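Please read the structure below before turning to the comments.
Just follow the structure's listing: the first ligand is 1, and inside any ligand the first atom is 1. Computed from heavy atoms alone, side chains included, the values below leave out hydrogens, waters and symmetry copies. Please read these numbers as outputs of a predicted model, since none were measured by experiment.
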Amino acid sequence: MPRSGSHMTHLSPSRIPSHVAIIMDGNGRWASARGLPRAMGHRKGVEALREAVRAASECGISYLTLFAFSSENWSRPEGEISDLMGLLRTFIRRDLAVLHRENVRIRVIGDRTTLASDILPLLLEAEETTQDNSGITLVIAFNYGARDEIVRAMRRLAGEVAAGRIDPEDITAGRIEAALDTAGIPDPDLIIRTSGEERLSNFLLWQAAYAELMFIPDFWPDFSRETFRAALARYAGRERRFGGLQPATTLAVGS
Ligand code: IPE
Ligand code: IPE
Ligand code: MG
């Protein structure tokens, strides 16, 4: 999605994260501050999401993971849950063709087994339609919780051991990674959370081992490409050491 690239000049390519993950938080408070129903905040949040995908793609990010609905969000009022499910449906129906045209590859992480029966085919369609695209990978975390993901992965590995296909000693960090929903996706370099809250709320707990964390005060609906670019500029100034003594900008854990 090339647009004006001129405002990119101050970011050195070697300091651009390969994977950015965002906890899109603050839709409800954005709406309340304006005397609007929370649903309006979620609706505006989808616009910010579109902008984030575009900004990430322009900046040369390879993977963008967006936390859209957590496994704990089921504890919200029924009406809000159905608003959020409705927004996912509309987003995929309206935006899939555009994202596909823009060469975006879509992956979905989270537990698919408890979703409404019409949502699963939409998610599968999004993944299948875009699987051969070579642009940015948009990872949508939907009905996602890191502990739930780890439990499902452990069950899978335990099943392999019980069936005699692997020994307990064969369980390595690599095998655990391959059993997670994020199999094949590199760990996030940068995790951004909007709305001023400073917690992970069960997001990518395994994968976040060496991620840079960034908490920004803006509510998610106010997130813009400028906010994104400012976050990348701050990230470029971070020194990553991965437990060693030398600063490293691109090394992944274990590599
Ligand atoms: C983030 O905004 C969207 C989801 C969690 C689905 P919130 O709905 O959490 O908004 P706040 O945090 O209540 O303001
Ligand atoms: C995290 O936000 C989940 C998403 C952004 C989808 P929450 O609003 O659910 O997190 P808590 O409850 O404030 O920790
Ligand atoms: Mg919230």
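Salt bridge Arg241/Glu239: present, at least one basic N to carboxylate O contact under 4.0 Å. By the 4.0 Å N-to-carboxylate-O rule, Arg93 lies too far from Glu125 to be salt-bridged with it. Taking a cutoff of 4.0 Å between a charged side-chain nitrogen and a carboxylate oxygen, Arg225 and Glu58 qualify as a salt bridge. Salt bridge annotation for Asp189-Arg240: present, with a cationic side-chain nitrogen under 4.0 angstrom from a carboxylate oxygen. Under a 4.0 Å N-O distance rule, the pair Arg105/Asp132 does not qualify as a salt bridge. Salt bridge annotation for Glu47-Arg54: absent, with no cationic side-chain nitrogen under 4.0 angstrom from a carboxylate oxygen.
Among the atoms of Ala68, none of the N or O lies under 3.5 angstrom from an N or O of ligand 1. For ligand 2, one of its N or O atoms has an N or O atom of Arg199 under 3.5 Å away. Of the N or O atoms in Asn27, one or more lie within a sub-3.5 Å distance of an N or O in ligand 1.
Close contacts of ligand 2 with Ser201, meaning ligand atoms under 4.0 Å from a residue heavy atom, involve 10 (O), 11 (P), 14 (O). Which parts of ligand 2 touch Ile23 is read off a 4.0 Å heavy-atom cut-off, strictly below it: atoms 1 (C), 5 (C). Applying the 4.0 Å criterion to heavy atoms of His42 picks out, from ligand 1, the atoms 3 (C), 8 (O). Within ligand 2, counting atoms from 1 as listed, the ones closer than 4.0 Å to a heavy atom of Phe69 are 6 (C). For ligand 2, the atoms lying closer than 4.0 Å to a non-hydrogen atom of Asp25 are 2 (O), 8 (O). In summary, the atoms of ligand 2 found under 4.0 Å from a heavy atom of Arg76, numbered by their order in the structure, are 7 (P), 8 (O), 9 (O).
Of all protein heavy atoms, the one lying nearest to atom 10 (O) of ligand 1 is Gly28 N, 2.9 Å. The closest protein non-hydrogen atom to atom 5 (C) of ligand 2 is Met24 O, 3.4 Å. Looking from atom 2 (O) of ligand 2 to the surrounding protein, the closest heavy atom is Arg193 NH2, 3.6 Å.
Within Asp25, OD1 is the N, O or S atom that lies nearest to the Mg ion (ligand 3).
Each of Ile109, Val108, Asp111 was checked for a side-chain contact (heavy atoms from CB on, under 4.5 Å) with Asn143, and the lone residue meeting it is Asp111.
Using a 4.0 Å heavy-atom cutoff, Ser195 is absent from the residues neighbouring ligand 1. By the 4.0 Å heavy-atom criterion, Glu197 is excluded from the residues contacting ligand 1. Distances from ligand 1 to the non-hydrogen atoms of Ser70 include no value under 4.0 Å.
In this structure, atom 12 (O) of ligand 2 has no protein heavy-atom contact shorter than 4.0 Å.
Between the side chains of Ser134 and Asn103, a donor-acceptor pair is found at a separation under 3.5 Å.
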Quiz item: Do Arg152 and Asp181 pass the salt bridge (charged side-chain N to carboxylate O under 4.0 Å, His left out) test, and can you show the C-alpha distance, the side-chain angles, and the key distance before you say yes or no?
Solution: CA-CA 9 Å; Arg152 287 185 286 106; Asp181 295 349; 2.7 Å; yes

Quiz prompt | Verdict with supporting geometry, Asn202 and Ser70, side chain to side chain donor-acceptor pair (under 3.5 Å) | solution = CA-CA 8 Å; Asn202 203 13; Ser70 83; over 6 Å; no

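Taking the six-membered ring where tryptophan is involved, the planes of Tyr210 and Phe242 are tilted, since the angle between them lies from 30° to 60°.
Considering only non-hydrogen atoms, atom 9 (O) of ligand 2 lies nearest to Asn73 out of Leu200, Leu84, Asn73.
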